[in-house]
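Just so it is clear, the values below take in all heavy atoms, side chains as well, and ignore hydrogens, waters and symmetry mates. Keep in mind that what you see is a predicted model, and the values were worked out from it rather than measured.
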Amino acid sequence: MANRRLSIAELLNPIDELTPTAATLTPTPSFSYTSLPAFGRPEVRNNIRLNRKTCISTLYVYNDVSTYIEYPSTNYGDPVGYLFRQDSSNWQNPARNFAYSLGQPSGRTQEGCDVYCNLLVGEDGSEVPCTKKHYTCQGSKICPLADLNRWSEEHFHAEPEDIRKRCIYEREYQSEISDPNHDVFAKTAAFLTALRKVGCRAPKCEETMRNSVEEQEYLLLAERQAQASRGYISREEYCHGRMFLEYDQDDKPFIRCEHYNIHRNRDHFVQYLDDSYDIDYLEAHFNEDFEELERIERMASRLGYGPLAECSTVVNFTSQRLCCPNRSHLKHYIDQIKEETFPYGTGWAGVLHLKMCQDANLPPSEWYIRRILEFPADDLDVHEEDEPGDASGDTDCLRIIVCMSQDGSRRMQSARYLQSDIGFKRVVGFHEFEIASMDKLANTTIIFCRVFLNRQTAAAHACVFAAIEEIVKEDTGRFLRWRHIHGSDIEETDNMILQWTGDQHGGQAKGLGLHLQNVAKRFPEKYDLHQPDRLLRTLSPYEHLRRLFRLCVVHGMRNIRKITASEQIRNLMRSLICMEHRDWDGTIAAILRSGNKAAVDWVNDKIRSKFAFEAMCWKKSFIPKLVWKAGEKESNLVESGHSDVNLEGVHCTLVGGIKKGQHFDNLKMKTLLALEQGGIRPSYRSGHISENATKNLKRKLNAHHQMLEGQDSKIETHNKKLQAANEKVSNAHHKVQECAQSLEHAGLEVGSQYHQRASDALAKAKFRLDQAESLFVKQVDSGRSLVGTGSGKIGIYLPGTR
């Protein structure tokens, strides 16, 4: 047979696996990514004849029973064979360790139809009966926009080092093309992908009429989604209406389903678009302006991203997954073991002892507890932002423990959008402060550091940020770089912190501003990028925040929702969380004029903070518009980090909280290394940003429909109550009429027994009528508050003009 070149999609020829039939095949040994394949030096034989029909050019013989091979060499024209020695007491199938994608067509010899091989012989040298199995290489999926010539080069073998190098190349390439423009484009494209996958998601009530072209595209998309979901068919049938991009009277863009109607079909899809999306790209997509689409995508491809850029994605037809060990922990320590393990206890003294042991027994590259600081409270500056409840524990000293690995320092050095938050319940007597970001390639949250402190004051946070900068400098050789301080112009964004997202805690924000003030002092003669007539060192803490800090939108909307005020006032408050506002001062004045105490307090609280309004509205900040659009508008990442580590346990001792945090962080870093060095993801998902967008869109729509269902239920309950109240009013009217007639029949003799009874009955009937009418009016008022709610499919019973 003539030799021919192999592409990566044809890396494996059908494999002949010869296994003695007497053997019992058992599962492969448990695999850990950190374990390297045992490649001991094999014995190499050439031109070995297996039987009368089959001859292999090269045979590798491994005599070590612990040997396993992940990537065996192959050759279409000159077959390659592997011979493994097996432990008769622990028989395992070596082919199950192969990492290649094998599948149909496949086959094996039938029962009783044994085959024989010259290499597999018994103790007496005679051939033993074997079973022959074969599988077919499933190939690889290569993106059509990939360099097909490159991926069609001849391959005979693969090594883990090849995968590691390719992962490094992919990460470096992603780092090169990463900038705010790329982030905004990726977010917009992911939203479109999610919208295409999820659709309206309202219950199907109306038919969607399509032309022949649209019907063909719809059926093709449905077929692809069925393949992606492995044939799963949802029990519920959802609306398949078209999506339109439109603008309201205030020129705000929104996307809606064609069946959406504010009066009767509010359960169909409608979503206003904030300024974090590329509206021009969305308009071109929904208007089917293919020339504009191509122009935008061509421009993106020249920068190395977008659907028209060259792609290097090659995916195996099977997935690899990193197996994690059991992460459950013991809840209680036996007293004797506890005393031996923690001779200084599990509090402050125990942590001091733990760090001493760490520094003495581990190399600096493996240190996790990096700083333990203690300051007398009287030595610290007091700021007006400090609140009485900012202290925790029973000591008058500020105590800080900074936990951070060298890998965390390295990753923080390359991060651009940071988030911070503080937790209260994981360690008794201490708060847990975290700084986090999103690793876009791994599509996972990274916690760079954990800081345990017993105070939330501005001075305490300033000490924390200073300690973190020192650690990063020790580990990486340079300090963190901040856009507005280290940048040479407003547009520069490479390798600098561009935005910081957090909540409105005054101590945390002021502490960050104080730290940035100290950083700016390193450049005494440098002028500010946004106010060129001012030196950086003259900026106040809040002026530094104005160039960096952004408030979490989720926290802001949640707090507004809790305020006891009319929906009109709450909408005015919500409108202030924006890119630009048409009448900022007028809206503030309208809220203050409303007289609602909660709303007025909300405005005054934002003014008192000295940074909240600038962190809510881009126009009032100095953050570049592109950075504001590309950065995260909520602190969900760091919130999820708190939630994840809390699963390790809450209300822990100080030593226990640190050790559990270290265990969690080590698992996270190993997971990232498995991806970066071996291309192995922690789940079967691809990690693409569109998966996040799809999940978020589904969750949002499900929550929206649940809310509408609840409102519909309230409307149905109101209708029943109003009907009952109306019936009571009608019955009461009828009763009053009956009693009035009875009083007339009683005669004109006032004071008689019959007259008195009829008079009392009429009075009771009128009293009950008043009660029924009062109940009816209350129910009407309750119904009026429901107007405009619900899906619109259930009408609200309300009386006409009375």
Side-chain angles (χ1 to χ4, degrees), residues 34 164 167-168 171-172 174-175 178 351-352 354-373 400-420 432-442 444-453 461-483 485-486 494-498 500 511-512 515-516 518-523 548 637-638 641 645 657-677:
T34 55
R164 190 185 71 83
C167 291
I168 293 175
R171 194 166 190 86
E172 291 176 348
Q174 290 297 327
S175 179
S178 182
V351 173
L352 293 174
L354 188 64
K355 187 174 190 322
M356 182 184 68
C357 295
Q358 167 198 271
D359 296 351
N361 299 315
L362 295 176
S365 61
E366 297 181 18
W367 288 357
Y368 182 71
I369 305 175
R370 308 300 297 275
R371 296 286 190 277
I372 297 181
L373 308 173
I400 298 174
I401 304 167
V402 183
C403 299
M404 191 174 190
S405 65
Q406 283 195 1
D407 197 38
S409 295
R410 177 178 61 82
R411 294 178 187 277
M412 187 174 182
Q413 186 69 264
S414 61
R416 293 180 301 154
Y417 306 103
L418 297 182
Q419 299 182 8
S420 62
E432 184 179 22
F433 177 75
E434 294 180 353
I435 300 177
S437 183
M438 167 68 80
D439 186 305
K440 294 187 180 297
L441 185 61
T444 188
T445 303
I446 303 177
I447 304 296
F448 301 118
C449 61
R450 300 184 186 278
V451 182
F452 300 92
L453 67 165
H461 281 93
C463 293
V464 168
F465 291 120
I468 292 171
E469 281 252 30
E470 291 175 0
I471 295 170
V472 173
K473 175 67 164 59
E474 291 175 7
D475 294 342
T476 66
R478 61 187 179 93
F479 290 111
L480 296 172
R481 302 180 73 238
W482 308 83
R483 180 198 63 81
I485 295 177
H486 295 86
D494 293 340
N495 300 317
M496 291 183 290
I497 297 174
L498 307 180
W500 193 296
L512 178 60
H515 172 66
L516 293 175
N518 291 328
V519 173
K521 291 177 182 178
R522 302 176 197 157
F523 309 91
L548 175 80
L637 294 176
V638 70
V645 78
I658 290 174
K659 294 299 291 183
K660 288 184 177 183
Q662 182 180 13
H663 173 74
F664 180 87
D665 292 342
N666 286 343
L667 283 179
K668 175 71 77 170
M669 291 303 174
K670 287 180 180 179
T671 301
L672 290 172
L673 287 175
L675 172 63
E676 294 168 358
Q677 298 180 7

Q. How far apart are the closest heavy atoms of Cys403 and Phe452, and which atoms are they?
A. SG-CE1, 4.0 Å
(Q) Could you tell me if the side chain of Leu453 sits less than 4.5 Å from the side chain of Val464, heavy atoms only? (A) yes
Q) Given the rule in the ring-ring contact (aromatic ring centres under 6.0 Å, His included) test, do Trp500 and Phe465 qualify, once you have shown the distances and angles that lead to the verdict? A) CA-CA 13 Å; Trp500 193 296; Phe465 291 120; 5.5 Å; yes
Q) Between atom NZ of Lys355 and atom CD1 of Ile369, what is the distance when rounded to the nearest 0.5 Å? A) 7.5 Å
Q: Rounded to the nearest 0.5 Å, what's the gap from CG on Leu675 to CG on Leu673? Could you check?
A: 9.5 Å
Q) If we ignore angles and hydrogens, is there a donor and acceptor under 3.5 Å between the side chains of Gln406 and Ser365? A) no
Q: Go through Arg450 and Gln662 one step at a time and tell me if the side chain to side chain contact (heavy atoms under 4.5 Å, CB included) criterion holds.
A: CA-CA 9 Å; Arg450 300 184 186 278; Gln662 182 180 13; over 6 Å; no
Q | Basic-acidic side-chain contact under 4.0 Å: Asp439, Arg411 | A | yes
Q: Mind checking the CD1-OG spacing from Ile468 to Ser420? Nearest 0.5 Å is all I need.
A: 9.5 Å
Q) What distance separates Ser405 OG from Asn666 CG, expressed to the nearest 0.5 Å? A) 7.5 Å
Q.
Would the distance check show the side chain of Gln358 and the main-chain N or O of Tyr368 forming a donor-acceptor pair, the cut-off being under 3.5 Å?
A. yes
(Q) Run the side chain to side chain contact (heavy atoms under 4.5 Å, CB included) test on Leu548 and Leu512 for me, step by step, so that the C-alpha distance in whole Å, both residues' side-chain angles and the decisive distance to 0.1 Å come before the verdict. (A) CA-CA 10 Å; Leu548 175 80; Leu512 178 60; 4.1 Å; yes
**Q.** Salt-bridge criterion met for Arg371 and Glu470 (N-O under 4.0 Å)
**A.** yes
Q: Taking the side chain as every heavy atom from C-beta outward, state whether Met412 and Ile435 have any pair of such atoms under 4.5 Å apart.
A: yes
Q.
Under the rule for salt bridge (charged side-chain N to carboxylate O under 4.0 Å, His left out), what residues qualify as partners of Arg522, not counting sequence neighbours?
A. none
Q.
Holding to side chain to side chain donor-acceptor pair (under 3.5 Å), I want the full list of residues that pass it with Lys440, two or more places apart in sequence or in another chain.
A. none
Q: Just say parallel, tilted or perpendicular for the rings of Phe523 and His486, cut-offs at 30° and 60°.
A: perpendicular
Q) Can you tell me if Ser437 and Arg416 form a side-chain donor-acceptor pair at under 3.5 Å? A) no
Q. Minimum heavy-atom separation for Leu418 to Phe448, with atom names?
A. CD2-CE1, 3.5 Å
Q: Would you indicate whether the side-chain heavy atoms of Arg478 and Gln413 approach each other to under 4.5 Å?
A: yes
Q) Any side-chain heavy atom of Ile401 within less than 4.5 Å of one from Val351? A) yes
Q. Are side-chain heavy atoms of Ile400 and Val451 found at a separation under 4.5 Å?
A. yes
(Q) With heavy-atom distances below 4.5 Å as the criterion, would you say the side chains of Phe479 and Val472 are in contact? (A) no
Q) Any Lys/Arg nitrogen of Asp665 or Lys668 sitting under 4.0 Å from an Asp/Glu carboxylate oxygen of the other? A) no
(Q) Rounded at 0.5 Å granularity, tell me how far SG in Cys463 sits from CG in Leu373. (A) 7.5 Å
(Q) Show the nearest heavy-atom pair for residues Ile497 and Ala415, with the distance to one decimal. (A) CG1-O, 4.0 Å
Q: Provide the closest heavy-atom pair for Gly661 versus Val645 in the form atom of the first, atom of the second, distance.
A: CA-CG2, 4.3 Å
Q) Which heavy atom in Ile485 sits nearest to a heavy atom in Leu516, and how many Å separate them? A) CD1-O, 3.9 Å
Q.
For the CD1 atom of Ile471 and the OG1 atom of Thr476, what is their distance to the nearest 0.5 Å?
A. 11.5 Å
Q. At their closest point, which heavy atom of Arg481 faces which heavy atom of Asn495, and how far apart are they?
A. NH1-O, 3.3 Å
